[in-house]
Number of protein chains: 2
Amino acid sequence: MEEKAFKKYLKEKGLKSTKERELIFKEVFSRHGHFDPEELHMGMRKKGLKVSKASIYRTLPLLLESGLIKQVEMTEKHAHYEHTLGRNHHDHMLCISCGGVIEFYSEALERLQNRICKKEGFESVTHTLEIKGYCGKCRKRRK
Amino acid sequence: MEEKAFKKYLKEKGLKSTKERELIFKEVFSRHGHFDPEELHMGMRKKGLKVSKASIYRTLPLLLESGLIKQVEMTEKHAHYEHTLGRNHHDHMLCISCGGVIEFYSEALERLQNRICKKEGFESVTHTLEIKGYCGKCRKRRK
DNA sequence: ATCCTTGCAAAGTGTTTGCATCGAG
DNA sequence: CTCGATGCAAACACTTTGCAAGGAT
């Protein structure tokens with residue numbers, strides 16, 4: 001199991017391997033799809049494992065940092081809106097190295113996405129695409 | 001101005017056109033990028049317009065439903081995670097209505113993205129695509 | 001006159017934190 | 001023995017709601 005990876009990460013960070021962290025780790029990896037902290041807590045509770053929500057909330061960022069889980073639905077914690085008149089859509093490329101942002105728009109990409117949505121019976125309202133990598137300048141610099 | 005569209009929407013719904021709703025409408029459309037309820041409230045306050053936060057929170061869903069604004073970067077109000085082991089890359093469709101998540105993968109989409117990156121001189125490392133909209137079930141329910 | 005809307009403050013959610021205690025190293 | 005970790009409950013930040021008073025139709 002990749003539990004070792006987690007323990008290794010904890011050790012490197014000078015953090016401790018505790019029973020609770022182990023239990024949380026197992027619960028996370030027993031799941032197949034997405035989960036939120038609450039679901040995780042309930043899942044453990046049903047199995048008779050008693051770990052506080054606080055520990056779950058404190059452990060998830062560790063799993064995140066260690067790369068063992070990832071966050072989906074980059075939820076800002078509050079609602080954001082924009083009005084729909086006169087703004088056109090674009091996507092982003094984010095340079096990991098210099099932090100630069102390239103905005104781009106591709107008609108072909110939009111069309112392809114729509115086709116994929118149709119296949120799933122999904123009605124697209126909006127989307128966010130972020131490609132992370134290295135921009136032209138930084139790529140040259142790295143060589 | 002599209003203020004008429006809003007008034008029309010209110011009328012159809014049997015709701016009233018009030019001074020507060022008008023002010024909120026104007027503030028929303030005076031903005032160019034994204035905003036959150038708090039920013040909106042502060043913006044109005046600075047102009048000496050006094051409308052309660054509650055009214056803002058009650059008016060935004062109306063603007064949303066009327067299609068005059070859209071919601072960005074927010075589907076649910078809590079964190080979601082998934083673990084990264086043994087799972088291959090996939091993207092997500094998020095249902096705005098029921099919170100459901102559809103995972104999908106498209107080879108064609110990946111290829112197209114790579115092509116776009118190449119054109120920009122960008123070296124892609126990873127990406128996240130989230131399409132927000134209405135899933136099949138919710139689409140039917142809305143009709 | 002009716003019934004929707006407002007502002008306020010209280011109640012809800014989801015998440016974070018202070019503190020006393022516990023336990024891994 | 002030493003610090004980090006835990007559980008609990010209080011604190012937080014954002015959003016929703018109950019209620020009495022006000023206002024649009």
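Please read all numbers here as calculations on a predicted model, not as lab measurements. Quick note on labels: first sequence line is chain A, next is B, and so on, each numbered from 1.
The CG atom of A:Leu63 sits 13 Å away from the P atom of D:dA5 (whole-angstrom rounding). One atom, CG of A:Leu10, and another, C1' of D:dC3, lie 15 Å apart when rounded to the nearest Å. Atom CZ of B:Phe35 and atom P of D:dC14 are 16 Å apart (whole Å). The interatomic distance linking A:His41 (NE2) with D:dC8 (C1') rounds to 12 Å, in whole Å. C:dT16 atom P lies 13 Å from atom CG of A:Asp36, rounded to whole Å.
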Task: Under 4.0 Å protein heavy-atom contact, by nucleotide of nucleotides 19-25 of chain D - B base, S sugar-phosphate only - done: ----BBS
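Heavy-atom minimum distance, B:Leu68 versus B:Phe29: O-CZ, 3.5 Å. Taking every heavy atom of both residues into account, A:Leu129 and A:Phe104 meet most closely at CD2-CZ, 4.0 Å.
Side-chain atoms of B:Tyr105 and B:Glu103 form no donor-acceptor pair, as typed in the model, at a separation below 3.5 Å.
In terms of modelled atom types and a separation under 3.5 Å, the side chain of A:Glu39 and the main chain of A:Asp36 share a donor-acceptor contact.
OP1 and OP2 of D:dT16 both lie 4.0 Å or more from every side-chain N or O belonging to B:Tyr57. Note on B:Ser52: every side-chain N or O is 4.0 Å or more away from OP1 and OP2 of C:dT6.
Out of C:dT6, C:dA9, D:dA5, the shortest distance to the side chain of B:Ala54 is found at C:dA9.
Side-chain contact between A:Arg21 and A:Lys7 is absent, with no heavy atoms from C-beta onward closer than 4.5 Å.
Ring planes of B:Phe6 and B:Tyr9: parallel class, angle under 30° (limits at 30 and 60°). Ring geometry for B:His90 versus A:His34: interplanar angle under 30°, hence parallel rather than tilted (30 to 60°).
Direction change of the helix axis from one end of the helix from C:dA1-D:dT25 to C:dG25-D:dC1 to the other is 30°, with five pairs defining each end axis (rounded to 10°).
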Name each donor-acceptor pair under 3.5 Å that joins a side chain in residues 40-55 of chain B to protein atoms two or more places apart or in another chain, with its distance.
| residue | atom | partner | partner atom | Å |
| --- | --- | --- | --- | --- |
| B:His41 | NE2 | B:Val51 | O | 3.1 |
| B:Lys47 | NZ | B:Glu27 | OE1 | 2.6 |
| B:Lys47 | NZ | B:Glu27 | OE2 | 3.4 |
| B:Ser52 | OG | B:Ser55 | N | 3.2 |
| B:Ser52 | OG | B:Ser55 | OG | 3.3 |
| B:Lys53 | NZ | B:Glu38 | OE1 | 2.9 |

